Amino acid sequence: MSKNTVNSDFSTREKSQGKAQEKPLINEFVVRFANTNGTGSASANNMFAKAILRMGIPVSAKNIFPSNIQGMPTWYEVRISEKNYLGRRGGKSEMIVAMNAQSIDDDINSVKSGGYLLYDSSRALLDSQIRTGINYLGIPISNICLKEYSDPRQRQLFKNVIYVGALAALLSMDFTLLKGLVRDQFKGKEKLVTPNIYALELGYQYANEHFICPLAIKVESRDLVNNRILVDGNTGTGLGAVFGGATVVGWYPITPSTSVIEKFASYCNRLRIDPASGKKNYAIVQVEDELAAIGVAIGAGWNGARAFTATSGPGVSLMTEFLGLAYFTEIPFVLVNVQRSGPSTGMPTRTQQSDILACAYASHGDTKQVLLFPDSPSECFELGSQAFDIADQLQTPVIIMSDLDLGMNDHLTKEFTWQDDKAYQKGKVLSAEQLDEVEVFGRYLDVDDDGICYRTLPGTHPDKGAYFNRGTSRNHFAGYTEKSADYVDNMDRLTKKFINAINFLPEPEIKQQKVTAQLGLIFFGTTSHPIAEAVEQLKEQGLMVDSLRIKAFPFHQNIEPFIEEHSVNNRQVFVIEQNRDAQMKSLLVNELQIDPNKLASILNFDGLPVTSHFIVQAVLAQLSANQENKKTG
Amino acid sequence: MSKNTVNSDFSTREKSQGKAQEKPLINEFVVRFANTNGTGSASANNMFAKAILRMGIPVSAKNIFPSNIQGMPTWYEVRISEKNYLGRRGGKSEMIVAMNAQSIDDDINSVKSGGYLLYDSSRALLDSQIRTGINYLGIPISNICLKEYSDPRQRQLFKNVIYVGALAALLSMDFTLLKGLVRDQFKGKEKLVTPNIYALELGYQYANEHFICPLAIKVESRDLVNNRILVDGNTGTGLGAVFGGATVVGWYPITPSTSVIEKFASYCNRLRIDPASGKKNYAIVQVEDELAAIGVAIGAGWNGARAFTATSGPGVSLMTEFLGLAYFTEIPFVLVNVQRSGPSTGMPTRTQQSDILACAYASHGDTKQVLLFPDSPSECFELGSQAFDIADQLQTPVIIMSDLDLGMNDHLTKEFTWQDDKAYQKGKVLSAEQLDEVEVFGRYLDVDDDGICYRTLPGTHPDKGAYFNRGTSRNHFAGYTEKSADYVDNMDRLTKKFINAINFLPEPEIKQQKVTAQLGLIFFGTTSHPIAEAVEQLKEQGLMVDSLRIKAFPFHQNIEPFIEEHSVNNRQVFVIEQNRDAQMKSLLVNELQIDPNKLASILNFDGLPVTSHFIVQAVLAQLSANQENKKTG
Amino acid sequence: MSFIKSKFQHPRLPVNDLGLTYRDYEGALSTLCAGCGHDSLTSAIIQACHELSIQPHKIAKISGIGCSSKAPNYFLNKAHGFNSVHGRMPSVATGANLANQDLLYLAMSGDGDSASIGFGQFAHVVRRQLNMVYMVANNGVYGLTKGQLAATADKGVKNKAGDLSLFNDIDLCVMALQLGASFVARSFSGDKQQLVPLIKAAMSHKGFAFIDIISPCVTFNNHAGSTRSYDYVHDHITTGAVADFVPVKTEITSSCHSGDSEDICLHDGSIMRIQKLNEEYDSTNASQAIIDIERNKKAGKILTGLFYLEPTASDFHEVNNTNSTPLNKLSQDALCPGNRVLSGINDSFR
Amino acid sequence: MSFIKSKFQHPRLPVNDLGLTYRDYEGALSTLCAGCGHDSLTSAIIQACHELSIQPHKIAKISGIGCSSKAPNYFLNKAHGFNSVHGRMPSVATGANLANQDLLYLAMSGDGDSASIGFGQFAHVVRRQLNMVYMVANNGVYGLTKGQLAATADKGVKNKAGDLSLFNDIDLCVMALQLGASFVARSFSGDKQQLVPLIKAAMSHKGFAFIDIISPCVTFNNHAGSTRSYDYVHDHITTGAVADFVPVKTEITSSCHSGDSEDICLHDGSIMRIQKLNEEYDSTNASQAIIDIERNKKAGKILTGLFYLEPTASDFHEVNNTNSTPLNKLSQDALCPGNRVLSGINDSFR
Ligand SMILES: Cc1ncc(C[n+]2csc(CCOP(=O)(O)OP(=O)(O)O)c2C)c(N)n1
Ligand SMILES: Cc1ncc(C[n+]2csc(CCOP(=O)(O)OP(=O)(O)O)c2C)c(N)n1
Ligand code: SF4
Ligand code: SF4
Ligand SMILES: [Mg+2]
Ligand SMILES: [Mg+2]
């Protein structure tokens, strides 16, 4: 076997130190794991990220996986940043753990000069795979496993744990803490603790014995995490729905939204069993397709239960007809759209923010839908529960616009919070008693002049309040009509309600310099992750930035002034989004009647989360183009 | 029975003349028919309109019918206009034929002062139904039928023919011509000719005997029709598809698109039977829903047949997912969208242009669809056949945006024309021979640098050209890829193709004054019908107008300059559309990067075709608001 | 269809156990064609509900799109109704039922609505054992869009426009039986004597109850040659058994004499009393029912009546083990785990 | 799944009548999980096509979405393929077939793709008698989305995640039989001896041919307790008859010895040779097939083999009376009525 190991030149202490960066890089680098999917690497990689977290160092993790079940390349990128820069950094990484023979050539090229390649030296690298300027850390992982384990599944699984152990030594991680993590992770499956720790130690020892540890990149404990947690957005959304009181779910599996429902289901299973009877205080039904999924949510919403469904791209398209019905019949429910790269099946395991127009104007005819744009798992939780209040109060669907990056990747995020004294806002639903007091009940009477009418639930009152809910035009009393005046009246009221919706929606998050800055950045959802870093980098270029994060559609009245202020006096507004067609910009222009030329677009739509680098380059390019124009124009 | 007849005071010669307008109104008035649906009135009313046409007088007809099969009020509005104003005039009409007891109160109020009410006097009117200032022409139609016919169906049917006969006398129509029309209409069913002519004569005689004929409104033969024809848009579209070479249709019934398919089927049945074998040179399949309908069109388009489907509102929403697939996989086919009033089921028998955004950006992800906007039945024919060339050349779906008014109402329109020497443009499809010559075939290689790649059809070549068509991202050789660069390359090429599409699409129709006029009107489809009249009325107010009719999306390069020119120097551009949310304006603003404040919207969305009156009032209101702003601003 | 409905109420209109008259179960005036089968169906539903003394507001009416799907507007004015989108009623009914299992779900659909666009949803709501009454007004055509052939039209018949039905028909009863529905029947809107007891039994049945009701379209499918015309159906209808519905008057179910082989005791204690007309008839054998239906069809007969009944079937909520308190009535306390639990959850992400 | 496929071609690889080797029928390298049933299915298709000497480019491969629907990428590289959207393959296949009836339509779907989201399209393409081979790779789960239960999963089983299958399964063979498919069979991807002849016969059959192929998902449904695992299927599979496919070598169909009661002569003159293992077996009786399937299921057995075959069935184009020249090959002359006809039409609007 030793014949297969790579020339040890590349894995000696000397080498690995010789080429390392001059000054040690502490708590500010990226480790990339290249694996094969279906080999159990995800949990080991996750363990690595969590160990960093427990050392008090800010960390983020991106799982870049194929639309496939087994055998294809998959990457996991851990960014460690005590500066709290947690967007995807992009570019080459300081270290790569290259466990996949299929992708190793590319992986070798994606190491920064002076960086490290940890690889399985059980098989020799090819000459062509030897790149000068990077450090090769060969560990004969397969051979170790072959010797240590007889069960092929274990041989496979523990490979991953071994390299985590090695990293602990190489990066100077807290090994005791790492072992504690294993114990926590396998709580309930204690039998697995010892072998996992053993595997960690195998790697740890090997590295200590063969390399000078730590390397020139390493971690040091800090206290920078505070009460933040490391969790994915879909968990936040699913848990938010539990706290928000959702009881009815119709759904159909689709990546990357599936885990919203899975998380909802598993928390319900823990937290929503009636203590007296042992029965479920919820009903989840995996239906035949997305048309049925949204139909279930609408039927339940009509009947007064809090209901939701979750889907992605193709599912959203299939839900279009029902979204129009719900808009027009004014039925509350929540739709979680975890966006992925379109169009069509597109890149189903890549991220994007490209369903904005499809959702905002979903369905034929004049329709507008309420959208929420969470940017973090904790906001997924927050808006994921609030969405039910909003839907009930506005009597309309609320669409939570998440995306694959937010939904499926682990992010460092504020801990989830809940006010126990905050009562659910059920909106204008008349009880039997209230109905008794009402002189005339008209389902579509705009009694309060806010566009929101009173509704009744089936079964409420023996004589009053029943009406026939329909997708056809109707008068104030829900009676069928083809009268133009009735139709127009109703449509105008819906517009009024939509404008009024702003009062129920979260305000944008605006960060202003003392003096209005030269640059105004507008963004939303995961586009906000690299902003802090980009702002810093722009500052280094002498450019001050004000920023506005959109949290909801229809747009809050603060947005237009922000744009106006930042598009005069040589200032420039950028709208940053992750789609090709500048969909959010379109929505801003349409709905706020803004001159599109006031908004420059920064569009990243390659399926990977946008980086600060991309943003900064785009800003600089646009600014110099502006200069150019001024000269020539 | 005579007891039931209305006080004859109101139906005497004296009365009917006494209140008539001073100067006779010739060839410039509206006759409105109020009927009950399911009573066979449509064909009689149509006969009336056609008789006017044959007298050489321009005429248009609007059928305002309920979403119901039998027993509900329905109206038929015939506008006679030797000035060639053929948009819906709106307002009150000069004459009403009031045959429906349910709606008669409203009908009486919709007669112009000095106008005429022709009604069935077999039953007495109520006192409340006697309005001063209009002329009552009572004919005991039911009684006549009761006496003349024993079969209840005939009693019902001939009522309608009788009032047409009466109108012939009252309006001084060419009675011989009318009888000739009956003969033409019942060609093949000769048995029906005599009884129909007899019924016409019953009415004709009664009117001549009881009223001074003609009235002060009347028709006079002219020669103003030329070679124009009177036909509905769906006939044009269906026939266009026959001439355009469509062979495969999947469809699902929905008003108002159903007759596109019915017409296609009936013309195919006449014109597309293989003379040798007696077999069909086409295949139409009524499938289970709209998802299947568009699936059929896509499958056939992929396989190289010209295919189409037709639908309306809810069907468009259901087709969303497949539209995204077709955009992304670049499959040609034609979708006819005969728009109706949305959202949801909305007013299914009323017109609107409110699916523009839903179609232009159909489906999740970044997608853009090619749209055509015919404005007349002859353009339905023209674009309805050209659409297949466009789709084949661009390898993408083409959506024909018709509407209920255009599709189902009879319009006076240029005769259908066809160039026998014009060959179908099948676009870049490689034959076996061509494939043999090609070095490397890549389905998505942009060989000509126009964004349009070469495609192959299944079964063409034993060894070359086969590829796997998929909704997932792919490289130049149609291989699956999740590489960001490949994905972006493909998406950018689709953008390039979309821009290039302009070269294949009809140019806008621009009508310019010698000097750029103060007003620029932009409109499309049926919104163009009242324009000639509106322009004239504005001229009377001293306002000169330039106009631009949009015929296709993506937008032609002439449109932006038109807007720019007309939004400087106190000029004003209006976009006229039949929807609530200014959808065409949004599209213009988004796609041309135009300041929305340069475009004032005129929005008619009550389900009835927009009138010149509405447009003129809106223009004047906006202009005075502009003035106001200038003063205060 | 008549336009002026007399407001006159006979002072001695018969009242039911709730003191309600037939009028209390009526709906808006029908706008369907005069003579439409769906109107008879409407009145059978009204009669069944009235006679069973169901509280009208404890019913929820759900439908798709079509003339048949409009019908719920014409009965039970005091019940909420939901006229949804074409072919997707079953999913809306599912959501509604999940939210509140205490209402009685009366669903109305057409053969276009259920056998074409909605066939997938139909199959899956059967599978889901939703506790509902699912009625299809089967006229062999699409009434509302003017007479196109439905998938239930017999092969070889022509519609009024002369189009030929080219393919095998889909028999929704056969499909419901095959997919495991626990109550399956067919009837004729023109035969109230048969129809009303079936509707009553379906409403008393717990679980998924399906009734296919042949309901002629006088406007588009009542011509000679149609196999869904009044005349044709009158002439070709047959049944395997006459069923009578005996409501339970007391809450006790012991009165249920299940010893009598012809009586089926329903979930609520009411009884379906069956008189066989055909030896093979067996309401507990779904396969036999399919064979009978198909044999009759081959013989040119339309078999009607109760085909299958599984009185002890369970419904979705039993299978799901849902709390018996309707989900839409649960308080925030029961739903929201609260802050203390949340902080434990937060810890799991550290 | 292996990543480096040897380019080495054995110089004496057996060639078929067209001079093509097995390799000429292969596709791209599979990216499915090692051991996935779908890969065996793929190789059975390759073998069937090779042995039948079908010209690869005269085949069109159509599929929906799922691991199974990816499979067409892994066979017949020289045939065009269309991987469409989830559950809607049947409509795409319909359009394709209408456009060109001269190709052989090989369709691949999954149980999620066909029994859930696509159930409506499945039912209607059966009804439409489309001339195609419709294969479902039935693994009881949604493979590609990581193991959720499909509607074909047996009631009471658990998936790998531990979710219980709560409702009756949908048996697609029973449905196809009930809806009038003219060729219905079930097989097992692990049993090529049975599967290959069935695929060949399905390809030779004119009309709608359906094969449900149990194709275990090694990753999500191969655990103990699954009824779709290799072990379970091996242990519980049974058949009513062994069928062998005898291809026709000459164009003359007289060689078809239909006198032999066990031989079924197919449309193209090839023969399906049936050896009954069960007395009741009758390939011409769809009702009997359903009964057999269900009886076996109750007995814990999975019945496989050819269930039903109607060799003289007609297909859509026959019913529609379409010209035999494929519609996509008709010239403009045949399609466009031209200006003279148009002016007559114009006159009808005057
Ligand atoms: C998505 C969609 N497609 C088509 C239609 C048009 N449409 C309305 S009713 C109907 C068919 C109704 O037939 P059926 O369900 O048999 O009811 P019936 O009118 O015969 O009672 C159709 C196709 C629609 N409303 N929505
Ligand atoms: C409209 C839509 N909904 C959901 C999905 C996600 N999805 C992809 S494959 C699949 C199920 C596949 O299951 P099956 O058809 O049984 O194929 P298998 O993978 O088991 O072979 C689903 C739900 C999708 N692609 N499109
Ligand atoms: S069209 Fe037919 S189904 Fe519709 S209301 Fe009239 S008779 Fe009834
Ligand atoms: S997940 Fe299952 S069905 Fe999909 S490739 Fe793997 S084994 Fe096959
Ligand atoms: Mg019907
Ligand atoms: Mg499956």
Side-chain angles (χ1 to χ4, degrees), chain B residues 53-54 227 229-231 239 242-243 245 247-248 250 271-272 274 277 279-283 285 287-289 291-305 307 321-322 325 415-420 423-424 456-463 466-472 479-480, chain D residues 28 31 55-62 65 72-73 76-85 88-100 102-103 120-121 123-124 128 316-317 320-328 330 332 334-339 341-343 345-347 349-350:
Chain B
L53 174 85
R54 291 205 175 173
N227 59 5
I229 55 179
L230 188 67
V231 66
L239 189 61
V242 176
F243 277 72
T247 53
V248 178
L271 306 170
R272 276 279 194 77
D274 181 57
S277 63
K279 294 192 163 196
K280 292 181 184 167
N281 278 337
Y282 64 99
V285 50
V287 290
E288 61 275 21
D289 64 11
L291 288 97
I294 188 172
V296 167
I298 290 174
W302 168 70
N303 221 349
E321 187 195 15
F322 256 135
L325 175 83
E415 65 177 359
F416 300 147
T417 54
W418 183 259
Q419 247 87 51
D420 277 338
Y424 293 162
T456 54
L457 301 181
T460 302
H461 192 288
D463 292 309
Y467 68 97
F468 199 59
N469 189 56
R470 44 162 51 104
T472 45
Y480 181 73
Chain D
T31 60
Q55 297 187 58
H57 73 295
K58 292 297 182 192
I59 292 175
K61 309 172 292 183
I62 312 203
I65 296 283
N73 199 20
L76 296 172
N77 244 343
K78 294 181 174 180
H80 276 66
F82 193 150
N83 187 205
S84 65
V85 291
R88 319 296 175 188
M89 171 273 282
S91 59
V92 174
T94 299
N97 183 308
L98 265 45
N100 185 357
D102 278 359
L103 302 180
Q121 293 221 339
H124 282 271
R128 207 174 286 143
F316 177 89
H317 287 288
N320 185 58
N321 197 27
T322 322
N323 196 341
S324 55
T325 308
L327 296 177
N328 71 348
L330 292 172
Q332 182 165 350
L335 297 175
C336 184
N339 205 14
V341 170
L342 189 58
S343 66
I345 293 172
N346 277 325
D347 285 343
F349 304 123
R350 287 184 170 125

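This structure is a prediction, so every number in the text was calculated from the model and none was measured. All heavy atoms count here, side chains included; hydrogens, waters and symmetry mates do not.
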Peer 1: Relative to chain B, which of Asn328(D), Asn346(D), Val85(D) shows the most heavy atom pairs under 4.5 Å?
Peer 2: Asn346(D)

Peer 1: For Pro56(D), is it the side chain, the backbone, both, or neither that has a heavy atom closer than 4.5 Å to a heavy atom of chain B?
Peer 2: neither

Peer 1: Tell me, side chain or backbone of Pro90(D) under 4.5 Å from chain B's heavy atoms, or both, or neither?
Peer 2: neither

Peer 1: Considering all heavy atoms of both residues, which atom of Lys78(D) and which atom of Asp463(B) are nearest to each other, and what is their separation?
Peer 2: NZ-OD1, 2.9 Å

Peer 1: With side chains defined as the heavy atoms from C-beta onward, is the minimum distance between His317(D) and Lys279(B) less than 4.5 Å?
Peer 2: no

Peer 1: Pick one of side chain, backbone, both or neither for Asp347(D), based on which atoms fall under 4.5 Å of a heavy atom in chain B.
Peer 2: neither

Peer 1: I'd like to verify something: which residue of Gly250(B), Ala423(B), Gly479(B) has the highest number of heavy-atom pairs under 4.5 Å with chain D?
Peer 2: Ala423(B)

Peer 1: Is chain D contacted by the side chain of Leu291(B), its backbone, both, or neither, given a heavy-atom distance below 4.5 Å?
Peer 2: both

Peer 1: Less than 4.5 Å to any heavy atom of chain D: does that hold for the side chain of Ile294(B), its backbone, both, or neither?
Peer 2: neither

Peer 1: Picking from Val231(B), Thr472(B), Asn281(B), which has the most non-hydrogen pairs under 4.5 angstrom with chain D?
Peer 2: Asn281(B)

Peer 1: Is Gln55(D) in contact with chain B via its backbone, its side chain, both, or neither, using a 4.5 Å heavy-atom distance?
Peer 2: neither

Peer 1: Heavy-atom distances under 4.5 Å only: say whether Ile62(D) touches chain B with side chain, backbone, both or neither.
Peer 2: side chain

Peer 1: Taking every non-hydrogen pair under 4.5 Å, which of Ala123(D), Pro72(D), Ala60(D), Ser324(D) racks up the most with chain B?
Peer 2: Pro72(D)

Peer 1: Identify which part of Tyr480(B) has an atom lying under 4.5 Å from any heavy atom of chain D, answering side chain, backbone, both or neither.
Peer 2: neither

Peer 1: Report yes if the side chains of His461(B) and His57(D) come closer than 4.5 Å at any heavy-atom pair, otherwise no.
Peer 2: no

Peer 1: Within the distance-only criterion (no hydrogens, no angle test), does the side chain of Asp420(B) pair as donor or acceptor with the backbone N or O of Asn339(D) below 3.5 angstrom?
Peer 2: yes

Peer 1: Is the shortest heavy-atom distance from the side chain of Phe416(B) to the side chain of Phe243(B) under 4.5 Å?
Peer 2: no

Peer 1: For each of Asn83(D), Asn77(D), Val341(D), Ile65(D), tally heavy-atom pairs with chain B at distances under 4.5 Å, and name the one with the top tally.
Peer 2: Asn83(D)

Peer 1: Do the non-hydrogen side-chain atoms of Leu325(B) and Arg88(D) ever get within less than 4.5 Å of each other?
Peer 2: no

Peer 1: Taking only residues two or more places apart in sequence or in another chain, which ones pass side chain to side chain contact (heavy atoms under 4.5 Å, CB included) with Ala307(B)?
Peer 2: Val248(B), Ala297(B), Ala300(B)

Peer 1: Heavy-atom distances under 4.5 Å only: say whether Ala79(D) touches chain B with side chain, backbone, both or neither.
Peer 2: backbone

Peer 1: At a heavy-atom distance under 4.5 Å, which candidate from Pro326(D), Ser343(D), Ser91(D) has the highest pair count against chain B?
Peer 2: Ser91(D)

Peer 1: Does one side chain, of Asn303(B) or His80(D), offer a donor that lies under 3.5 Å from an acceptor on the other?
Peer 2: no

Peer 1: Taking all non-hydrogen atoms of both residues, which atom of Lys61(D) and which atom of Leu76(D) are closest, and how far apart?
Peer 2: NZ-O, 3.0 Å

Peer 1: Is a side-chain N or O of Arg350(D) found less than 3.5 angstrom from the main chain of Asn227(B), in a donor-acceptor match?
Peer 2: yes

Peer 1: Let's test your reading of the structure: which of Thr417(B), Val285(B), Asp289(B), Leu239(B) forms the most heavy-atom pairs below 4.5 Å with chain D?
Peer 2: Val285(B)

Peer 1: Kindly give the heavy-atom pair with the smallest separation between Leu327(D) and Tyr282(B), and that separation in Å.
Peer 2: CD2-N, 3.6 Å

Peer 1: Please classify the contact between Arg272(B) and chain D as side chain, backbone, both or neither, with a heavy-atom cut-off of under 4.5 Å.
Peer 2: side chain

Peer 1: Are Phe316(D) and Thr94(D) packed together at the side-chain level, in the sense that at least one heavy-atom pair is separated by less than 4.5 angstrom?
Peer 2: no

Peer 1: Using non-hydrogen atoms and a 4.5 Å limit, figure out which bit of Leu103(D) sits close to chain B: side chain, backbone, both or neither.
Peer 2: side chain

Peer 1: Might you point out which heavy atoms bring Gln332(D) and Tyr424(B) nearest each other, and give the distance in Å?
Peer 2: OE1-N, 2.7 Å

Peer 1: Is it the side chain or the backbone of Leu98(D) that comes within 4.5 Å of chain B heavy atoms, both, or neither?
Peer 2: both

Peer 1: Pick from Ser277(B), Ala293(B), Pro462(B): which one has the most heavy-atom pairs with chain D under 4.5 Å?
Peer 2: Pro462(B)

Peer 1: What part of Ile59(D) gets closer than 4.5 Å to chain B, counting heavy atoms only: side chain, backbone, both or neither?
Peer 2: neither

Peer 1: Pick from Thr460(B), Leu457(B), Leu53(B): which one has the most heavy-atom pairs with chain D under 4.5 Å?
Peer 2: Leu457(B)

